[in-house]
Amino acid sequence: MIVARIVETEAYLGQNDPAAHAFKGRTPRTDPLWGPPGTWYVYFIYGMHHCLNITVEPEGRPGCVLIRAAEIFKESPDRGRGPGRLTRALKVNRTLSGIRAFDRDCGLWLREGRAPENVSVSPRIGIRHATEKALRFFEAGSRSVSSPRPPQALEARGCV
DNA sequence: AATACGATTGTCT
DNA sequence: GACAATCGTATTC
């Protein structure tokens, strides 16, 4: 079992969120998003990286959380810093997509060491649409966080 | 069949 | 800050 502590996430709100994969409708790739809460959704991007998400809404509603960074116990902070690095360290790929995350034999089990402290909020990273929404949540001070400071000041982007 | 693009990362200037 | 790497997916022809 891989033991890790999630320290950075982003929320994707589903069919009404222009930045979400679900915004463009249900396809074979995005199908797991419509599954029951606690379903892994893994996609491949930029020809190189996998990104790990978990569904969080009732079945039929495609909201999810992107897991952007985690402190992996007994590993360098760099290993889990950023969504691409994290999945590489955890050896996660699309075979996990659609699997129930809380099944013990699902292939990936992240046990949190302690709850995040000093949770800060910022705009989401790397997206082109809906950049004004402050839906990134991270533990300020964690050495595994991908971007310790918000991409820009919240005020400058109309987030507050 | 051909094309355009992306919820990233690493390297170079 | 700019840009290349690299390929599955969706769209269009």
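Chain letters run A, B, ... following the sequence lines, proteins first and then strands; every chain starts at 1.
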Q) With no hydrogens and no angle check, is any side-chain donor or acceptor of Thr131(A) less than 3.5 Å from a backbone partner on Arg128(A)? A) no

(Q) Once you measure the plane-to-plane angle for Phe102(A) and Trp109(A), does it fall in the parallel (<30°), tilted (30-60°) or perpendicular (>60°) bin? (A) perpendicular

Q) Which letters describe nucleotides 5-13 of chain C, given B = protein heavy atom under 4.0 Å from base, S = only from sugar-phosphate, - = neither? A) BBBSSS---

**Q.** Among Arg124(A), Lys24(A), Lys133(A), Arg61(A), salt bridge (Lys or Arg N to Asp or Glu O under 4.0 Å) partner for Asp17(A)
**A.** Arg124(A)

(Q) Holding to side-chain hydrogen bond (donor to acceptor under 3.5 Å, both in side chains), I want the full list of residues that pass it with Arg5(A), two or more places apart in sequence or in another chain. (A) Glu71(A), Glu139(A)

(Q) For Asn16(A), I'd like to know if atom CG has over 12 heavy atoms of other residues, nucleotides or ligands within 6.0 Å. (A) no

Q: Without swapping roles, check the side chain of Glu57(A) against the backbone of Gly63(A) for a donor-acceptor pair under 3.5 Å.
A: yes

Q: Using the heavy-atom set of chain A and a strict 4.0 Å cut-off, write down the first and last nucleotide of DNA chain B that makes it in, 5' to 3'.
A: dG6(B) to dG10(B)

Q) Can you tell me the Watson-Crick or wobble partner of dT6(C), both distances under 3.5 angstrom? A) none

(Q) A side-chain contact here means heavy atoms from C-beta on lying under 4.5 Å apart; do Tyr41(A) and His21(A) qualify? (A) yes

Q.
By nearest heavy atom, map Arg85(A) and His129(A) onto DNA chain B; which one lands nearer the 5' end?
A. His129(A)

(Q) Cation-pi check for Phe138(A) against Arg68(A): NZ or CZ below 6.0 Å from the six-membered ring centre and within 45 degrees of the axis, yes or no? (A) no

